[in-house]
Amino acid sequence: MPELPEVETVRRNLQSLVNGAVIREVELGAFTGCIAHPAPQEFAARLSGQRITGTGRRGKNLFILLDSGDDIAIHLRMTGDLTVVLPDEPRGKHHHLALLLDDGRELRFSDTRKFGRLRLLTPTEFEEFKTTVGPEPLEDELTPERFFEMLQSRGRAVKPLIMDQAFLAGVGNIYADEALFTARIHPLRPADSLTFDEASRLLDAIRVAFLDALGRGGTTIKDYRNALGERGENQDYLQIYSLSEGEPCPRCGTPISRIVVGQRGTRFCPHCQPAPVQA
DNA sequence: ACACTGCCCTGCGAGC
DNA sequence: TGCTCGCAGGGCAGTG
């Protein structure tokens with residue numbers, strides 16, 4: 001499922017593939033529920049004739065900037081897929097939307113599980129939207145001191161907290177497990193119980209996980225493809241997410257545990273990531 | 001304000 | 001072999 005590195009990979013693809021192109025027409029598929037705002041017909045009408053002037057990203061949200069000043073905000077959720085193809089490319093079973101470009105190519109959106117969403121935002125709506133998303137882990141403004149301070153005021157378990165997009169942008173289930181493993185922090189540790197050293201290690205582990213994955217074109221467990229339809233390679237380098245319960249920890253050999261935290265399957269090493277002490 | 005639960009949706013693997 | 005069932009999960013609405 002696309003998290004920050006995968007969305008950033010797609011953004012870079014789109015930046016080189018469609019920047020400067022004009023959207024001639026928007027072709028709606030049978031399922032228009034993927035267009036969250038405004039109504040599908042208005043969405044299509046307002047996009048037609050617009051030139052793409054750039055791309056952007058905030059956490060897992062991808063932006064396509066238009067010369068009208070509006071932005072298309074896209075969230076791929078679990079199985080959303082954006083690809084740039086020639087018109088003779090057959091449409092997949094879960095094709096939902098196509099932006100027909102003036103050079104003949106198409107920017108297509110497909111999504112098996114129909115969780116992904118597109119919305120067209122005015123500059124005001126865009127600014128408002130950005131305030132709902134937490135800081136970017138890869139930006140320098142997020143210092144270890146600031147991250148520690150953010151954790152200090154929160155009593156909930158650290159894993160669901162770092163996956164909360166309003167708290168921190170871009171971390172999903174895969175990189176949460178990877179980073180907590182690297183930083184040797186149990187996923188159920190209350191956020192405010194982390195020491196400064198642990199907070200610092202966690203932020204660093206998130207950054208390393210993201211940068212490594214970016215360098216390998218993202219993680220493809222099953223569905224993820226970039227805008228060229230290619231798989232990522234980072235799945236071959238995951239430390240713990242791809243392991244099953246009972247398989248040995250790659251660091252110490254202790255059998256890996258699997259629990260459910262905030263409805264998400266969670267892997268950790270009970271030796272390297274000791275459980276919080278109950279009060 | 002914060003924390004937590006249920007729901008959306010389809011494909012796939014396990015079990016019988 | 002073919003069926004049913006339950007699981008996978010990001011974000012949002014609703015609840016406490």
Side-chain angles (χ1 to χ4, degrees), chain A residues 1-8 10 29-37 57-63 73-82 91-97 109-119 121 125 128-134 136-137 149-180 187-193 206 209-210 213 218-225 231-232 235 238 240-246 256 258-268 276 279:
Chain A
M1 60 237 84
E3 303 181 31
L4 188 148
E6 291 74 34
V7 177
E8 177 62 17
V10 173
F31 173 72
T32 56
C34 56
I35 301 170
H37 175 81
R57 182 192 56 75
R58 185 71 193 270
K60 305 177 198 172
N61 297 280
L62 178 64
F63 306 121
I74 303 164
H75 199 302
L76 300 171
R77 296 280 185 100
M78 253 87 73
T79 54
D81 188 46
L82 284 170
R91 294 191 170 175
K93 188 179 168 187
H94 303 287
H95 169 88
H96 302 310
L97 182 82
F109 174 72
S110 65
D111 187 358
T112 307
R113 281 155 80 173
K114 300 182 181 173
F115 282 2
R117 291 292 180 266
L118 296 90
R119 54 189 83 223
L121 304 176
E125 288 169 331
E128 194 179 299
F129 170 77
K130 286 200 285 188
T131 66
T132 66
V133 185
E136 284 284 320
E149 197 181 301
M150 286 162 59
L151 292 166
Q152 284 292 96
S153 61
R154 301 300 204 96
R156 64 193 292 209
V158 65
K159 179 176 173 182
L161 183 62
I162 60 171
M163 289 175 64
D164 181 341
Q165 300 302 297
F167 178 79
L168 187 67
V171 179
N173 202 40
I174 297 174
Y175 299 109
D177 275 6
E178 291 293 310
L180 288 165
L188 289 178
R189 285 278 302 281
D192 58 7
S193 78
I206 292 169
F210 279 171
T219 299
T220 299
I221 300 289
K222 190 172 126 35
D223 298 293
Y224 167 72
R225 299 291 186 278
R231 300 164 60 90
Q235 62 281 2
L238 296 175
I240 191 159
Y241 182 81
S242 48
L243 299 181
S244 302
E245 184 169 20
I256 293 299
R258 188 186 182 281
I259 58 175
V260 175
V261 179
Q263 331 284 77
R264 307 290 178 255
T266 300
R267 291 103 181 143
F268 67 98

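All values derive from a computational prediction rather than experimental measurement. Within every chain, numbering begins at 1; the chains are lettered A, B, ... in the order of the sequence lines, protein sequences first and strands thereafter.
Counting non-hydrogen atoms under 4.0 angstrom, M1(A) reaches the backbone sugars and phosphates but no base. If you check every strand for non-hydrogen atoms under 4.0 Å, R258(A) touches sugar and phosphate atoms only. Nucleic acid contact for Y224(A): none, since no nucleic acid atom lies under 4.0 Å from a heavy atom of the residue. Residue contacts shown for G265(A) are limited to sugar-phosphate atoms, with no base heavy atom under 4.0 Å away.
In this structure, L76(A) and K60(A) have side chains that are not in contact, with every pair of non-hydrogen atoms separated by 4.5 Å or more. Between L168(A) and I206(A), some side-chain heavy-atom pair lies under the 4.5 Å cut-off. Looking at V10(A) and R57(A), their side chains never come closer than 4.5 Å, going by heavy atoms from C-beta outward. In this structure, the side chains of F31(A) and D111(A) stay at 4.5 Å or more apart for every pair of heavy atoms. Side-chain contact between V133(A) and R58(A): present, with at least one pair of heavy atoms (C-beta onward) separated by less than 4.5 Å.
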How does protein contact run along nucleotides 6-11 of chain B, one letter per nucleotide 5' to 3', with B for base contact, S for sugar-phosphate only, - for none, heavy atoms under 4.0 Å? B-BBBS
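Remark: P of dG11(C) and CG of L76(A) are 11 Å apart, rounded to the nearest angstrom. At whole-Å resolution of the value, CZ in F167(A) and P in dG11(C) are 15 Å apart. Rounding to whole angstrom units, CZ of residue R117(A) and P of dA13(C) are separated by 11 Å. Note: CD1 (I221(A)) to C1' (dC12(B)) measures 15 Å, nearest angstrom. Rounded to whole Å, atom P of dC2(B) lies 12 Å from atom CE of M150(A). What separates CG of L62(A) from P of dG10(C) is a distance of 18 Å, to the nearest Å. One can place CG of D164(A) at 12 Å from C1' of dC12(C), the figure rounded to the nearest angstrom. Remark: C1' of dA3(B) and CG of L161(A) are 11 Å apart, rounded to the nearest angstrom.
Under a cut-off of 6.0 angstrom, the local environment of CD in Q152(A) is crowded, with over 12 non-hydrogen atoms contributed by other residues, nucleotides or ligands. More than 12 heavy atoms of other residues, nucleotides or ligands sit less than 6.0 Å from atom CD of E245(A).
An angle of 40°, rounded to 10°, separates the two end axes of the helix from dC2(B)-dG16(C) to dC16(B)-dG2(C), each defined over five pairs.
Of the candidate nucleotides dG10(C), dC4(B), dA8(C), dC4(B) has the atom nearest to the side chain of R156(A).
Here D177(A) pairs with K159(A) under the salt bridge (Lys or Arg N to Asp or Glu O under 4.0 Å) rule; sequence neighbours left out.
Between F109(A) and H96(A), the ring planes are tilted. Angles from 30° to 60° get that label.
Rounded to the nearest 0.5 Å, atoms OG1 (T220(A)) and CD (Q235(A)) are 5.0 Å apart.
Contact annotation: H75(A) side-chain N/O to dG11(C) OP1/OP2 distance is under 4.0 Å. Between R154(A) and dA3(B) there is a side-chain N or O to OP1 or OP2 distance below 4.0 Å.
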